[in-house]
Amino acid sequence: MDQPSGRSFMQVLCEKYSPENFPYRRGPGMGVHVPATPQGAPMKDRLNLPSVLVLNSCGITCAGDEKEIAAFCAHVSELDLSDNKLEDWHEVSKIVSNVPQLEFLNLSSNPLNLSVLERTCAGSFSGVRKLVLNNSKASWETVHTILQELPDLEELFLCLNDYETVSCPSICCHSLKLLHITDNNLQDWTEIRKLGVMFPSLDTLVLANNHLNAIEEPDDSLARLFPNLRSISLHKSGLQSWEDIDKLNSFPKLEEVRLLGIPLLQPYTTEERRKLVIARLPSVSKLNGSVVTDGEREDSERFFIRYYVDVPQEEVPFRYHQLITKYGKLEPLAEVDLRPQSSAKVEVHFNDQVEEMSIRLDQTVAELKKQLKTLVQLPTSSMLLYYFDHEAPFGPEEMKYSSRALHSFGIRDGDKIFVESKTK
């Protein structure tokens with residue numbers, strides 16, 4: 001049979017992993033494999049093949065000699081064929097059927113939508129546990145065929161496939177634990193809920209960049225749809241209501257949530273976004289990739305109470321009443337200005353005179369003496385200054401070092417400075 005035009009898998013394999021391009025290396029996944037001598041495989045002693053093969057962007061259109069693939073790839077467990085020119089599922093099947101240990105297969109950005117995947121071809125994928133079909137424009141019919149023939153499939157990637165709807169197969173897939181279906185156009189919850197029907201064992205659902213506009217489902221129904229969901233990503237979805245965030249509490253095993261870039265949170269500060277979300281999701285232990293500690297949770301819940309304390313009762317969320325039961329009503333935090341004091345009003349004592357004046361605390365003792373020169377009618381060289389803290393148990397402290405800054409004395413409003421003349 002004539003081979004399709006273009007470069008074959010076997011041709012690219014021989015070029016990339018020849019000793020000149022891929023010398024022997026040690027380490028996990030990089031060991032040399034020297035297969036037993038088969039008939040018709042003259043390159044057998046020249047290839048150093050790791051168990052992880054990366055052949056992306058190589059212009060591959062077809063499989064090549066299947067006997068040679070079988071001879072050299074019997075140990076291969078991971079295969080990246082992304083961004084090639086494979087458009088016929090039969091050619092993919094010829095490759096995969098001769099890689100018996102294959103568990104990970106990446107077929108992203110191949111024009112495989114140009115052919116129909118038959119069940120006989122999909123059967124050659126039966127050992128694959130992780131399958132990547134990003135930007136392959138794979139139809140739901142193709143996905144259904146794959147699900148029927150891959151009984152151990154655990155992870156499936158269907159990103160960038162222009163899906164606007166989801167089509168349910170006749171039977172569900174109980175093995176799938178992780179689904180990446182980002183960067184499509186799944187805006188309606190009626191489509192997302194079908195994923196729960198299709199994949200009842202789903203642990204991780206990544207829905208980023210899908211513009212989902214709302215979670216429209218009764219709470220008890222959500223729990224039945226996604227009974228095992230532990231992690232969900234709703235990055236850059238279209239959620240606009242706090243009620244949608246509250247709905248996430250209906251997933252009985254949910255622990256991790258990603259919610260960056262949604263319209264609902266845009267008006268809030270970074271601090272408000274994180275604390276208000278944490279307070280609403282009591283079972284979530286990781287938000288946007290960061291662990292929620294016990295201390296952060298308590299701080300967030302207390303923040304939540306204070307945030308809504310002055311809101312009219314009819315607008316207060318239900319979570320507020322739950323937290324009031326836990327912590328009681330909290331007073332607003334006092335606003336404390338922690339900036340260093342820049343000036344102070346002090347009493348200047350000289351002889352029998354007392355003068356109240358404001359002094360800058362960023363100046364030095366020498367500069368203060370210049371400021372006092374007119375008041376006390378003494379040259380700066382004849383002044384002795386003493387600082388007296390009205391709350392300190394000690395006596396006055398001599399301000400003997402001319403270059404010392406006043407703020408280092410801890411001067412506050414109401415303190416006293418005594419001026420004396422040096423004795424001759």
Side-chain angles (χ1 to χ4, degrees), residues 189 192-193 196 202-336 338:
W189 177 256
I192 303 301
R193 73 184 310 278
L202 205 61
D203 170 277
T204 301
L205 176 59
V206 185
L207 285 167
N209 297 317
N210 266 293
H211 311 296
L212 174 67
N213 49 39
I215 300 176
E216 299 170 331
E217 191 82 32
D219 293 350
D220 56 344
S221 179
L222 276 177
R224 292 193 300 270
L225 275 174
F226 294 94
N228 298 293
L229 193 66
R230 186 194 56 80
S231 174
I232 188 168
S233 173
L234 294 164
H235 276 340
K236 295 187 178 179
S237 63
L239 298 181
Q240 302 181 52
S241 168
W242 281 113
E243 285 71 21
D244 293 321
I245 307 304
D246 293 336
K247 288 280 187 184
L248 299 178
N249 288 311
S250 300
F251 300 128
K253 296 186 179 180
L254 192 67
E255 298 176 356
E256 181 176 357
V257 174
R258 293 177 180 267
L259 281 170
L260 293 176
I262 65 174
L264 168 66
L265 299 178
Q266 293 307 312
Y268 298 90
T269 66
T270 300
E271 180 189 30
E272 289 171 343
R273 291 171 190 169
R274 185 167 177 85
K275 287 186 173 180
L276 293 176
V277 171
I278 288 173
R280 284 181 179 263
L281 301 176
S283 298
V284 168
S285 57
K286 186 180 285 188
L287 176 64
N288 298 330
S290 298
V291 172
V292 179
T293 64
D294 291 341
E296 184 182 20
R297 174 159 297 285
E298 180 172 344
D299 287 346
S300 298
E301 291 175 346
R302 289 179 176 274
F303 178 90
F304 188 90
I305 292 174
R306 292 188 173 101
Y307 187 86
Y308 285 102
V309 70
D310 294 325
V311 172
Q313 281 297 306
E314 62 273 15
E315 298 178 19
V316 169
F318 178 69
R319 181 63 175 155
Y320 173 83
H321 301 293
Q322 291 179 320
L323 293 176
I324 287 292
T325 302
K326 182 176 181 179
Y327 296 105
K329 288 193 173 182
L330 304 177
E331 295 296 324
L333 291 174
E335 292 188 10
V336 179
L338 298 177

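This one's a predicted model, so the numbers in the text were calculated from it and none came from an experiment.
Side-chain contact annotation: Asn209 with Lys236, donor-acceptor N/O pair under 3.5 Å absent.
Within the 4.5 Å cutoff, no side-chain heavy atoms of Leu254 are placed close to those of Ser283. Between Ile245 and Ile262, the closest side-chain pair of non-hydrogen atoms falls below 4.5 Å. Annotation: side chain of His321 is in contact with side chain of Gln313 (closest heavy-atom distance under 4.5 Å). Annotation: side chain of Leu248 is in contact with side chain of Leu234 (closest heavy-atom distance under 4.5 Å). Residues Arg274 and Ser290 have side chains in contact (heavy-atom distance under 4.5 Å, counting atoms from C-beta outward). Using a 4.5 Å heavy-atom cutoff, the side chains of Leu222 and Ile215 are in contact. Proximity of Lys275 to Glu296: side-chain heavy atoms (C-beta onward) are nowhere separated by under 4.5 Å.
Salt-bridge formation is detected for the pair Arg280/Asp246: a Lys NZ or Arg NE/NH1/NH2 atom is positioned less than 4.0 Å from an Asp or Glu carboxylate oxygen. A salt bridge links Arg319 with Glu301; the closest basic N to acidic carboxylate O contact falls under 4.0 Å.
Arg306 contributes atom CZ, which lies 11.0 Å from atom OH of Tyr320 (distance to the nearest 0.5 angstrom). Rounding to the nearest 0.5 Å places CD of Glu315 at 10.0 Å from OH of Tyr308. Summarising the geometry, atom CG belonging to Leu276 is positioned 6.0 Å from atom OH belonging to Tyr307; distances are rounded to the nearest 0.5 Å. Separation of atoms OG (Ser300) and CD1 (Ile305) is listed at 11.5 Å; rounding is to 0.5 Å. Taking CD of Glu255 as the reference point, atom CG of Leu287 lies at 13.5 Å (rounded to 0.5 Å). Atom CG of Leu330 sits about 5.5 Å away from atom CZ of Arg302, to the nearest 0.5 Å.
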Side chain to side chain contact (heavy atoms under 4.5 Å, CB included) evaluation trace for Asp219 with Lys247: CA-CA 7 Å; Asp219 293 350; Lys247 288 280 187 184; 3.4 Å; yes
Verdict with supporting geometry, Ser221 and Arg224, side chain to side chain contact (heavy atoms under 4.5 Å, CB included): CA-CA 5 Å; Ser221 179; Arg224 292 193 300 270; 3.9 Å; yes
Full working for side chain to side chain contact (heavy atoms under 4.5 Å, CB included) between Asn288 and His235: CA-CA 9 Å; Asn288 298 330; His235 276 340; 3.8 Å; yes
Side chain to side chain contact (heavy atoms under 4.5 Å, CB included) between Asn228 and Leu202, worked out: CA-CA 6 Å; Asn228 298 293; Leu202 205 61; over 6 Å; no
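Here Tyr268 and Trp242 bring their ring centres to under 6.0 angstrom of each other.
Between Pro317 and Phe304, the shortest heavy-atom distance links the atoms CG-CZ, 3.6 Å. Nearest heavy-atom pair across Pro252 and Pro227 is CG-O, 3.6 Å. In terms of heavy-atom proximity, Val277 sits nearest to Leu259 at CG1-CD1, 3.9 Å. Minimum heavy-atom separation, Trp189 to Glu216: CD1-O, 3.1 Å.
Residue pairs meeting the salt bridge (charged side-chain N to carboxylate O under 4.0 Å, His left out) criterion with at least one member in residues 284-294, sequence neighbours excluded, do not occur.
Every residue meeting the salt bridge (charged side-chain N to carboxylate O under 4.0 Å, His left out) condition with Arg258, not counting sequence neighbours, appears here in chain and number order: Glu256.
One N or O on the side chain of Arg297 and one on the backbone of Ile278 form a donor-acceptor pair closer than 3.5 Å.
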